[in-house]
Amino acid sequence: MSVAVMLFTSDLRLHDQPALRAAVRGADAVVPLFVLDPGIRRAGFDAPNRRAFLADCLASLDAGLHERGGRLVIRIGGVVEQVCRVVVESGARSVHIAAGFSAYAVRREERLREALTALRCVLHVHDGVSTALPPGQVTPADRDHFAVFAPYFNSWQAAGLRETVAAPDSVPVPEFAGHPLPKRTAVTGVSPGLAKGGEREGRRRLSAWLADGSAGIGAYEERQNDLAGDASSRLSPHLHFGTLSATELVHRARREGGPAADAFVRQLAWRDFHHQVLAARPDAAHADYRARGDHWRGDEKEIDAWKEGRTGCPIVDAAMRHLLYEGWMPGRGRLLAASYLTKTLYVDWRIGARHFLDLLVDGDIADNQLNWQWVAGTGTDTRPNRVLDPLAQAKRIDPHGDYVRRWVPELAHLAAPAIHQPWKLDGLDRARLDYPDPLVDQAEGRARFERARGLG
């Protein structure tokens, strides 16, 4: 009996899973394997919210495999060591894995290939599993990657995507020892409102969002920045863990058609764009992609106030408290919070990116770090010195103050526009509020940033 190992990483699904499909077709039996690597925790990337969501994802994957006659095998330890042990114990002649693009994933693949070669076992690496279009599939004529999104998107659109593949009908798994599935309830420090994970939940959420006429894909272009209306797809955690396929999402959105669906597809391409940047420049995870000669400030009290949602800027504080409660926040909230930290307070983007990674259930090295760099003006933004005015943004995307009212309850009794400018209240009205004054005047912060960048 021929045996293959299917090593799951950030592709925890059965639907549109080319790596699993290849493993099933190429062998009589498959060992579906997930390795809980303590090195992830030692490196500081094993955040509680993601660990809890991962437990949901593994339970859902195991349930789906059981329905197909199989089960998920859990091992604990270094990935290369554990995969090699499974290969030896099962007599497997091949290992299948989805391509990864971070420095960690590239090193893992290199070490795995070397170790498996010594065991006379073949490593099959599958592109187009974690992203819609694999990094490197489209490149400009004179470089190894696109540094500007617009030309990348044009090439991405023209390249075409692979067709989706159905979930396998059966996954025969040999008798094999493994550890119990991790449990979400065993994880401490989880955000109270953390969403449920897993492929079943992801597919349920996707179907509901596609069918929702008022806040679903048909309204995406118009309402994607409507913070109070909660019209975001909320699919990003499922993309991060691979419980949903980016390729499938693009195909389904295109079938819906129209400007709103096109806007959603553009966001999926933006995700691919950052993955191709990181694949070409792995050090962009921690180093400026384009250095601006910044001498960042580091006021710990201001940084702590930003983390806690006590900056005195209501729309920013609402977004940061939303993050603390759910381990997630809408894209526009992330943009405002990041701009406030890097441009208004002039704090190093790496501090903000680290805080987001500590909490975000969809905390992804490519998306998180490179979006932070884009906002800070050290990344791929063609207007690196733009400064978002949070008050102007609040009036546009939360005109009635409903988002602030939900997350900053001490201001809930205020009507707009006062809820966005509580520092302007007079006398006792201001004194009664248990809410701080702004850390810095917005105009003053902008002027300080522009001086630091040599603009004024």
Side-chain angles (χ1 to χ4, degrees), residues 44-45 47 274 277 281 283-324 329 331-360 363 365 367-394 404 407-408 420-424 434-456:
F45 293 108
H274 281 156
V277 172
R281 299 290 182 272
D283 63 344
H286 54 81
D288 289 343
Y289 181 78
R290 291 191 176 110
R292 304 294 180 186
D294 288 300
H295 297 283
W296 302 105
R297 298 173 66 251
D299 188 312
E300 292 298 329
K301 289 184 178 179
E302 290 186 352
I303 293 169
D304 287 344
W306 175 80
K307 290 179 178 179
E308 296 164 6
R310 297 281 294 172
T311 68
C313 179
I315 194 71
V316 171
D317 290 342
M320 294 305 294
R321 295 187 197 186
H322 189 175
L323 172 62
L324 286 167
M329 69 164 120
R332 179 57 56 165
R334 301 182 197 204
L335 182 64
L336 289 174
S339 179
Y340 187 87
L341 185 73
T342 58
K343 301 287 180 67
T344 301
L345 299 182
Y346 195 48
V347 170
D348 194 330
W349 64 268
R350 282 160 279 248
I351 292 173
R354 177 71 263 173
H355 181 65
F356 271 29
L357 282 179
D358 287 343
L359 289 168
L360 281 173
I365 291 296
D367 285 340
N368 187 66
Q369 309 302 89
L370 291 172
N371 269 312
W372 268 95
Q373 290 227 49
W374 188 89
V375 175
T378 62
T380 61
D381 190 2
T382 54
R383 294 172 53 200
N385 299 315
R386 78 176 84 201
V387 179
L388 294 181
D389 182 339
L391 181 57
Q393 290 279 317
V404 170
W407 296 108
V408 190
H420 293 304
Q421 299 171 279
W423 61 87
K424 288 191 172 183
D434 179 22
Y435 187 74
D437 286 329
L439 293 174
V440 63
D441 176 77
Q442 184 65 28
E444 179 185 327
R446 177 191 288 268
R448 181 174 60 193
F449 168 75
E450 290 177 345
R451 287 195 302 270
R453 285 276 172 97
L455 304 173

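Treat the numbers as computed from the prediction; the structure is a model and nothing was measured.
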* Taking 4.0 angstrom as the limit, do Arg310 and Asp317 come out as a salt bridge? -> no

* Sequence neighbours excluded, which residues qualify as salt bridge (Lys or Arg N to Asp or Glu O under 4.0 Å) partners of Arg292? -> none

* Asked: Step by step, would you call Leu439 with Tyr340 a side chain to side chain contact (heavy atoms under 4.5 Å, CB included)?
  -> CA-CA 11 Å; Leu439 293 174; Tyr340 187 87; 4.0 Å; yes

* To do: Sequence neighbours left out, what passes salt bridge (Lys or Arg N to Asp or Glu O under 4.0 Å) with Asp283? Give chain and number order.
  => none

* Asked: Can a donor-acceptor pair be found between the side chains of Gln393 and Arg332 at a distance below 3.5 Å?
  -> yes

* To do: Return the set of residues passing salt bridge (Lys or Arg N to Asp or Glu O under 4.0 Å) with Arg334 (not counting sequence neighbours), or none when no residue passes.
  => Asp362

* Asked: At their closest point, which heavy atom of Pro422 faces which heavy atom of Pro314, and how far apart are they?
  -> CD-CG, 3.6 Å

* Structure fact -> Closest non-hydrogen contact found for Trp372 with Phe356 is NE1-CD2, 3.3 Å

* To do: Return the minimal non-hydrogen interatomic distance between Val277 and Thr380, and the atom names on each side.
  => CG2-CG2, 4.5 Å

* Quick one: closest heavy-atom pair of Ala284 and Leu370, and the distance? => CB-CD2, 3.8 Å

* **Asn371 side chain to Asp367 backbone, donor-acceptor under 3.5 Å** => yes

* Under a 4.5 Å cut-off applied to non-hydrogen side-chain atoms, are Gln373 and Arg290 in contact? -> no

* To do: Decide yes or no for Trp349 and Leu341: does some side-chain heavy atom of the first lie under 4.5 Å from some side-chain heavy atom of the second?
  => no

* To do: Return the minimal non-hydrogen interatomic distance between Ala285 and Gln369, and the atom names on each side.
  => O-NE2, 2.7 Å

* **Spatial distance of atom CG (Leu323) from atom CG (Leu360) [nearest 0.5 Å]** => 5.5 Å

* Separation between CG of Leu359 and NZ of Lys307, rounded to the nearest 0.5 Å -> 9.5 Å

* **Steps toward side chain to side chain contact (heavy atoms under 4.5 Å, CB included) verdict (Ile351, Trp306)** => CA-CA 11 Å; Ile351 292 173; Trp306 175 80; 5.7 Å; no

* Structure fact -> When rounded to the nearest 0.5 Å, the distance separating CG of Leu336 from CE of Met329 is 9.5 Å

* **Geometric class of the Tyr346/Trp296 ring pair [parallel <30°, tilted 30-60°, perpendicular >60°]** => tilted

* **Qualifying salt bridge (Lys or Arg N to Asp or Glu O under 4.0 Å) pairs, either residue in residues 338-360, two or more places apart** => Asp288-Arg350, Asp348-Arg350, Arg354-Asp358

* Is the Trp374 to His274 ring centre distance short of 6.0 Å? -> no

* Asked: How long is the gap from SG on Cys313 to CD on Gln421, to the nearest 0.5 Å?
  -> 10.0 Å

* side chain to side chain donor-acceptor pair (under 3.5 Å) partners of residues 438-451, not counting sequence neighbours, each pair once -> Thr344-Gln442

* List for me each residue that meets ring-ring contact (aromatic ring centres under 6.0 Å, His included) alongside His420, sequence neighbours excluded, and say none if there are none. => none

* Asked: Are the side chain of Thr342 and the backbone N or O of Ala338 linked by a donor-acceptor pair below 3.5 Å?
  -> yes

* **Close side-chain approach of Ile303 and His355, heavy atoms under 4.5 Å** => no

* If you look at every heavy atom in Leu391 and Asp389, which pair is closest and at what distance? -> N-OD1, 3.0 Å

* To do: Verify salt bridge (Lys or Arg N to Asp or Glu O under 4.0 Å) between Glu302 and Arg297, making sure each step is shown before the conclusion.
  => CA-CA 10 Å; Glu302 290 186 352; Arg297 298 173 66 251; 3.0 Å; yes

